[in-house]
Amino acid sequence: SQQGEEDPQALSIQEGENATMNCSYKTSINNLQWYRQNSGRGLVHLILIRSNEREKHSGRLRVTLDTSKKSSSLLITASRAADTASYFCATGPSGGNTGKLIFGQGTTLQVKP
Amino acid sequence: DGGITQSPKYLFRKEGQNVTLSCEQNLNHDAMYWYRQDPGQGLRLIYYSQIVNDFQKGDIAEGYSVSREKKESFPLTVTSAQKNPTAFYLCASSIGGLAGVNTGELFFGEGSRLTVL
């Protein structure tokens, strides 16, 4: 079952602009992760934020997590054409040891040069 | 270089045939996973294994089978019972096995695209 829902489904911006993608989920989580997928390729891990963290940075990426609203956002600053890809959030369930992530349906980002 | 290797990259299957997708990792990870991705969709979990000789069904296991005889290998067989097998299949691994409550990051292969003729 899909837990994460990304918004928007598609986003088109100019190079240099910032891109913001949102993810909402339904159940309690241990962590939330963001992945990137170039067309026809595998997914690449970008960043992981734990449930007791509110914000995390990695280079041009900024992730926030609001567990009270069950939502997260991924901000890519100063976007580049090479950032064109699909971005997925994935939630790690709290409790148990299933080790399963649940993926959302993704946001397709197009950065125009 | 450490990583996950999936093969073949492209595969064509006639109706009624079983096909096997290969997934090998040299990351010394305990856990391995198979996901299916349909166009414009997210990933759906088919099977996962947290330790050698053990595996669990995911959300869409019907029509698929797996084995985990070696830590490095987790092949997926798409059987003739899978009625709509055309999709992009992704294999992944992670450090965490049975002992891991915290789900760490997944490392993905480059995928195998299966088309039914």
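In the text below, chain A, chain B and the rest are named by the order of the sequence lines, each starting its count at 1.
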query = Is it true that the NZ or CZ of R113(B) lies under 6.0 Å from the centre of F88(B)'s six-membered ring and within 45 degrees of the ring axis?
reply = yes
inquiry  = Need one label for F107(B): side chain, backbone, both or neither, based on atoms under 4.5 Å from any heavy atom in chain A.
reply    =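 Neither; nothing under 4.5 Å.
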ask   = Which answer fits Q37(B), side chain, backbone, both or neither, if we ask what part of it has an atom under 4.5 Å from a heavy atom of chain A?
value = side chain
Residues, nucleotides or ligands: over 12 heavy atoms within 6.0 Å of K9(B) NZ =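 It does: K9(B) NZ has more than 12 such atoms within range.
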ask   = Counting only heavy atoms not in R13(B), do more than 12 sit closer than 6.0 Å to its CZ atom?
value =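 Yes, CZ of R13(B) has more than 12 neighbouring heavy atoms, counting only those of other groups under 6.0 Å.
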Part of Q37(A) lying under 4.5 Å from any heavy atom of chain B =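 Looking at Q37(A), just its side chain touches chain B.
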query = Quick one: does T86(B)'s side chain have a donor or acceptor within less than 3.5 Å of a partner on V116(B)'s backbone?
reply =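 Checked: pair present.
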ask   = With chain B, which of A90(A), G106(A), S86(A), G42(A) has the greatest number of heavy-atom pairs at distances under 4.5 Å?
value = G42(A)
